[in-house]
Amino acid sequence: MAPTMAITTATLMLLVVSLLAPSTLASRSGPSSHHGHGSHAKHSPPSPPPPAPVAPVAAALVRTTCNSTAYYDLCVSSLAADPSSATADVRGLSAIAVSAAASNASASAAALGSNVTAQGGAAVDGTVQALLRTCAVKYGQARDALAAAKVSIAQQDYDYAAVHVSAAAEYPQVCKVLFRRQRPGAYPAELAAREEALNQLCSVALDIISLLSAT
């Protein structure tokens, strides 16, 4: 009788263990099976924003050269905008300055050369349209004069380079004179601003060319 009871007891223990094992394993594997999917899952921090672009740093020669011009800030910004200014000599810087003025004149010529039908929100009559087209031609001539100045710099003919740059600065003034003759008081503020911008760029170019002439 005792052996039979021992066997029965052993059999019952095995049954209990076999019944408890799956639930125990499930309880142990439960947290790991849901790891990363619950509301408390850890998330990687967001990537930091890319660094802001760094403004070009003017080379030492650019700063020194621009100290000899009437418009230091304009000179530095115009020259430093061209990556080649970092390794250019004074002659190279003068060519860069002339190119900056030429780009300005070219942009004005293109803007004024379009078929303008309104200026400052007001209708433009035929006379003013004709004047604006004439102004576009003058800015185109200024661009061509500056291109000739760049050729003279390449040939180290600095006197002629200065003559061409001076002529480029005067072309927009012809536009202003024509406006004052035919439409007194009607010279657009936009044209006045364009004239001043080109005049300052030409002044910077002339000041740098004068450094070359002095040497």
Side-chain angles (χ1 to χ4, degrees), residues 56 58 62 65-82 85 93-153 157-213:
V62 168
T65 302
C66 289
N67 273 327
S68 300
T69 68
Y71 302 99
Y72 175 83
D73 292 337
L74 176 63
C75 175
V76 170
S77 61
S78 298
L79 297 183
D82 189 326
S85 66
L93 294 179
S94 69
I96 293 172
V98 168
S99 293
S103 296
N104 178 277
S106 181
S108 292
L112 298 172
S114 60
N115 293 325
V116 180
T117 58
Q119 184 72 22
V124 177
D125 60 28
T127 300
V128 174
Q129 284 194 23
L131 287 170
L132 291 175
R133 293 191 187 96
T134 300
C135 290
V137 172
K138 294 304 176 184
Y139 277 94
Q141 291 173 334
R143 175 199 58 214
D144 296 342
L146 290 163
K150 194 170 180 180
V151 172
S152 296
I153 290 172
D157 193 344
Y158 305 127
D159 289 339
Y160 270 109
V163 169
H164 290 308
V165 175
S166 297
E170 292 177 359
Y171 281 120
Q173 297 178 18
V174 175
C175 172
K176 178 169 59 179
V177 169
L178 291 174
F179 257 94
R180 288 179 174 175
R181 286 179 180 174
Q182 300 187 40
R183 282 290 186 272
Y187 189 53
E190 178 190 351
L191 279 179
R194 289 181 183 278
E195 177 186 345
E196 180 63 17
L198 181 58
N199 182 69
Q200 291 183 7
L201 288 169
C202 287
S203 174
V204 168
L206 283 171
D207 288 341
I208 299 178
I209 291 171
S210 67
L211 295 176
L212 294 170
S213 300

Colleague: Calculate, to the nearest 0.5 Å, the distance between atoms CG and CG belonging to Leu131 and Leu112 respectively.
Modeller: 11.5 Å
Colleague: Quick one: does Lys150's side chain get under 4.5 Å of Ser99's, heavy atoms only?
Modeller: yes
Colleague: Please find the pair of heavy atoms, one from Val98 and one from Leu146, that lie closest to each other, and give the distance.
Modeller: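 What the structure gives for the nearest pair is CG1-O, 3.2 Å.
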Colleague: If every non-hydrogen atom of Ala109 is compared with every non-hydrogen atom of Gly140, which pair is closest and at what distance?
Modeller: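 Residues Ala109 and Gly140, closest heavy atoms: CB-N, 3.7 Å.
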Colleague: Drop me the distance from Lys138's NZ to Ser108's OG, to the nearest 0.5 angstrom.
Modeller: 15.0 Å
Colleague: What pairs meet the salt bridge (charged side-chain N to carboxylate O under 4.0 Å, His left out) rule with one or both residues in residues 164-177, with sequence neighbours excluded?
Modeller: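 Non-adjacent pairs meeting salt bridge (charged side-chain N to carboxylate O under 4.0 Å, His left out): Lys176-Glu195.
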Colleague: Looking only at non-hydrogen atoms, find the nearest pair between Ser152 and His164 and report the distance.
Modeller: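 Looks like OG-CD2, 3.7 Å.
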Colleague: Only pairs at least two apart or in different chains count here, so list each side-chain hydrogen bond (donor to acceptor under 3.5 Å, both in side chains) that has a residue in residues 65-78.
Modeller: none
Colleague: The criterion is ring pair (Phe, Tyr, Trp, His ring centres under 6.0 Å); which residues satisfy it with Phe179, sequence neighbours excluded?
Modeller: Tyr187
Colleague: To the nearest 0.5 Å, what is the distance between CG (Leu211) and OG (Ser94)?
Modeller: 9.0 Å
Colleague: Quick one: pull up OG in Ser203 and CD1 in Ile208 and give me the separation to the nearest 0.5 Å.
Modeller: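 So the OG of Ser203 and the CD1 of Ile208 are separated by 10.0 Å.
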Colleague: For Val165 and Cys202, work out which heavy atoms get closest and say how close.
Modeller: CG1-O, 3.5 Å
Colleague: In Å and rounded to the nearest 0.5 Å, what is the CG to CD distance from Leu201 to Glu196?
Modeller: 10.0 Å
Colleague: Step by step, work out the side-chain contact (heavy atoms from CB on, under 4.5 Å) result for Cys175 and Thr134.
Modeller: CA-CA 7 Å; Cys175 172; Thr134 300; over 6 Å; no
Colleague: Using a 3.5 Å distance criterion without hydrogens, assess whether the side chain of Ser106 forms a donor-acceptor pair with backbone atoms of Ser103.
Modeller: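 Answer holds: no.
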Colleague: Start with the C-alpha gap between Leu198 and Tyr139, add the side-chain angles, then the distance that decides, and say whether side-chain contact (heavy atoms from CB on, under 4.5 Å) holds.
Modeller: CA-CA 9 Å; Leu198 181 58; Tyr139 277 94; 3.9 Å; yes
Colleague: Can you name the nearest heavy-atom pair linking Leu79 to Ala97, along with the distance?
Modeller: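 Smallest interatomic distance, heavy atoms only, reads CD2-N, 3.8 Å.
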Colleague: With a 4.5 Å heavy-atom cut-off, do Pro172 and Asn199 have their side chains touching?
Modeller: no
Colleague: In Å, rounded to the nearest 0.5 Å, how long is the span from CG of Leu132 to OG1 of Thr127?
Modeller: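 Reported to 0.5 Å precision, the distance equals 11.0 Å.
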Colleague: Minimum heavy-atom separation for Arg143 to Ala102, with atom names?
Modeller: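 For Arg143 versus Ala102, the nearest heavy atoms are CG-O, 4.0 Å.
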